[in-house]
Amino acid sequence: EDFQCLGTECPQTCCSNWRLPLLDIDIEYYKKNKGLLGELRENFDFENKKLKSHNGRCMNLDQDGLCQVHAQHTKKALPTVCKLFPRNFL
């Protein structure tokens, strides 16, 4: 509840330099809600069960380091790993 993303000022790298997995529950949610992600859907690799990255950085981040899935579709649309970390671990 108290979590506030700091974007480029954040000392954590929750969206960079590690594999961002998609769980089966995430994939099923996105299949049921096909129109939910809009053009951001292309940043999801459903076949390999992960979010796509470029140079180690999640492709859903904008140039300020903010998640566009969250910005455009709220926390509910985030994959499980993004809902949990860093909210439940820091």
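For reference, positions follow the sequence shown, starting with 1.
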### Task
Please list, chain by chain and in numerical order, all residues satisfying salt bridge (Lys or Arg N to Asp or Glu O under 4.0 Å) with K49, sequence neighbours excluded.
D24
### Task
Return the set of residues passing side chain to side chain contact (heavy atoms under 4.5 Å, CB included) with D62 (not counting sequence neighbours), or none when no residue passes.
D64, L66, Q68
### Query
Can you tell me if NZ on K52 sees more than 12 non-hydrogen neighbours from other groups inside 6.0 Å?
yes
### Message
Please give the remaining members of the hydrophobic cluster of M59, linking ILVMFWY side chains under 4.5 Å, ordered by chain and number.
### Response
none
#### Entry: Set of residues satisfying side chain to side chain contact (heavy atoms under 4.5 Å, CB included) with respect to K31, sequence neighbours excluded
I27, E28
### Task
Work out which heavy atom in A77 is nearest to a heavy atom in L36; give both atom names and the distance.
CB-CD2, 3.8 Å
### Message
Going by ring pair (Phe, Tyr, Trp, His ring centres under 6.0 Å), name the residues that satisfy it together with F46, two or more places apart in sequence or in a different chain.
### Response
F44
### Query
Taking only residues two or more places apart in sequence, or in another chain, which ones meet D26 in a side chain to side chain contact (heavy atoms under 4.5 Å, CB included)?
L22, L23, Y30, P79, T80
### Task
State, with a plain yes or no, whether a side-chain heavy atom of L51 is found less than 4.5 Å away from one of C82.
yes
### Message
Donor-acceptor pair, distance only, cut-off 3.5 Å: does the side chain of K75 make one with the backbone of H70?
### Response
no
### Message
Per the side-chain hydrogen bond (donor to acceptor under 3.5 Å, both in side chains) rule, what does the pair list look like for residues 32-41, sequence neighbours excluded?
### Response
none
### Task
Kindly give the cluster partners of L61, where membership spreads through any ILVMFWY side chain lying under 4.5 Å from a current member.
none
### Summary
Across all chains, not counting sequence neighbours, the side-chain hydrogen bond (donor to acceptor under 3.5 Å, both in side chains) partners of N48 are D45
